[in-house]
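We count ligands from 1, going down the list as the structure has it; atoms in each ligand are counted the same way.
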Amino acid sequence: MERMESMEPISARYTTAYPEIQPDSGYESRETTDSQAKTPPPPTYDEELVHKVSSGALAFDLPVDGAQSKEILPLGFNEMSCHIMKLYSRDCFQTILVGDSGVGKTSLLVQFDQGKFIPGSFSATVGIGFTNKVVTVDGVKVKLQIWDTAGQERFRSVTHAYYRDAHALLLLYDITSKTSFDNIRAWLTEVHEYAQSDVVIMLLGNKADMSGDRAIRRDEGERLAREYSVPFMETSAKTGVNVELAFTAVAKELKHRAVQHPNEPKFQIHEYIEAQKEKSGCCTYF
Ligand SMILES: Nc1nc2c(ncn2[C@@H]2O[C@H](COP(=O)(O)OP(=O)(O)OP(=O)(O)O)[C@@H](O)[C@H]2O)c(=O)[nH]1
């Protein structure tokens with residue numbers, strides 16, 4: 001469980017001293033597509049400031065055998081950033097990444113956020129950190145505030161506190177690790193205990209690029225997902241396969257729930273995922 005080696009670039013952007021943001025400050029996050037803001041129009045903003053506020057974390061002063069915290073941010077900032085988005089009539093949804101240590105939660109988030117993978121070194125996440133990401137769903141901007149949690153047991157009580165506010169939860173296992181797969185049931189028990197009952201859950205079998213070391217077949221992942229009625233896909237934080245799809249599907253589900261009109265057909269996340277996989281030629285991964 002405790003695999004902590006020195007790690008560098010992943011954490012570099014988190015080490016800035018974050019400015020205090022006032023509710024009337026301009027706010028924006030990095031985004032994947034353009035679209036006009038809803039009313040009231042946001043004031044102009046400082047790109048530098050935007051970059052600083054769009055990612056952050058809480059630092060925990062805990063002894064962790066020489067491992068460094070990946071992130072630092074003033075306490076209380078997390079609520080504020082979503083709050084600011086809402087002032088501008090934008091949707092903001094909290095999404096949490098959970099799963100055993102080493103399954104690739106941080107790597108998945110970095111791949112989604114920056115489109116890159118940092119191979120080799122591994123440093124376990126200390127505490128919890130977040131990244132804001134704006135995705136466009138049906139022409140409307142939706143912000144995901146994505147929380148990257150520490151998979152290690154010792155931080156469990158810290159991460160539990162964040163389940164309650166989560167709108168969505170991406171639950172990861174590593175397809176090369178039977179233990180991480182077996183632990184999914186325990187993670188789901190925790191989720192059901194601490195998260196809201198309507199939280200959107202998605203199961204991800206990560207490290208799909210490592211098919212040579214595969215310990216869990218894809219159909220085993222599918223079966224487990226069916227048992228819990230949650231959508232499933234295999235991802236690779238290394239190659240990027242299905243990473244964007246996983247977050248986009250969650251954003252779509254959340255957006256549709258938020259604006260659901262009584263006569264509108266319900267968004268079917270399972271069907272959407274299957275259709276997108278077919279479009280992309282998935283699942284001949286590599
Ligand atoms: N080949 C491959 N390696 C990956 C993938 N995702 C993560 N890794 C590697 O797996 C190790 C652990 O990745 P992390 O993203 O730090 O794992 P984590 O789940 O955030 O771990 P904790 O912070 O301890 O909870 C690192 O060495 C990554 O480079 C993947 O999709 N493919």
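For ligand 1, the atoms closer than 4.0 angstrom to any heavy atom of Asp209 are 1 (N), 2 (C), 30 (C), 31 (O), 32 (N). Atoms of ligand 1 lying under 4.0 Å from any heavy atom of Asp100, numbered from 1 in the order shown and given with element: 19 (O). Per-residue contacts place Ser236 under 4.0 angstrom from the following atoms of ligand 1 (heavy atoms of the residue considered): 31 (O). Heavy-atom contacts of Ala237 reach the following atoms of ligand 1: 6 (N), 30 (C), 31 (O) (cutoff under 4.0 Å). Here is the list of ligand 1 atoms found below 4.0 Å of a heavy atom in Met210: 1 (N), 2 (C). Close approach of ligand 1 to Thr106 (heavy-atom distance below 4.0 Å) involves ligand atoms 15 (O), 20 (O).
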Next item on the list: Determine, stepwise, if the pair Leu188 / Tyr228 fulfils side chain to side chain contact (heavy atoms under 4.5 Å, CB included).
Entry: CA-CA 9 Å; Leu188 281 163; Tyr228 285 90; 3.6 Å; yes
Notebook entry, point to check: Yes or no on side chain to side chain contact (heavy atoms under 4.5 Å, CB included) for Thr149 and Ile96, after CA distance, side-chain angles and deciding distance?
Noted result: CA-CA 7 Å; Thr149 65; Ile96 300 198; 3.4 Å; yes
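For Ile118, the heavy-atom gap to ligand 1 drops under 4.0 angstrom.
Below 3.5 Å of separation, one finds an N or O of Gly151 facing an N or O of ligand 1. Taking any N or O of Gly104, backbone or side chain, at least one lies under 3.5 Å from an N or O belonging to ligand 1. By the 3.5 Å distance cut-off applied to N or O atoms, Ala124 is not counted among the residues near ligand 1. In terms of polar-atom proximity, defined here as any N/O pair under 3.5 Å, Thr235 makes no such contact with ligand 1.
Note: Asn206 CG to Ser107 OG = 7.5 Å, rounded to the nearest 0.5 Å.
Tested against Thr95 for a side chain to side chain contact (heavy atoms under 4.5 Å, CB included), the candidates Val199, Val200, Thr131, Leu170 yield a single pass: Leu170.
Geometrically, Lys133 does not engage Phe247 in a cation-pi contact defined by less than 6.0 Å to the ring centre and at most 45° from the axis.
In this structure, Glu220 does not pair ionically with Arg223, as no charged nitrogen and carboxylate oxygen lie closer than 4.0 Å.
Residues Phe117 and Leu172 are members of separate hydrophobic clusters, defined by side-chain heavy-atom contacts under 4.5 angstrom among Ile, Leu, Val, Met, Phe, Trp and Tyr.
Counting heavy atoms under 4.0 Å from ligand 1, residue Ala208 does not touch it at all.
When Gln152, Lys207, Lys105 are checked for heavy-atom proximity to atom 25 (O) of ligand 1, Lys105 turns out nearest.
Considering only heavy atoms from C-beta on, His192 comes within 4.5 Å of Ile201 through its side chain.
Closest approach of Arg156 and Thr159 over heavy atoms only: O-OG1, 2.9 Å.
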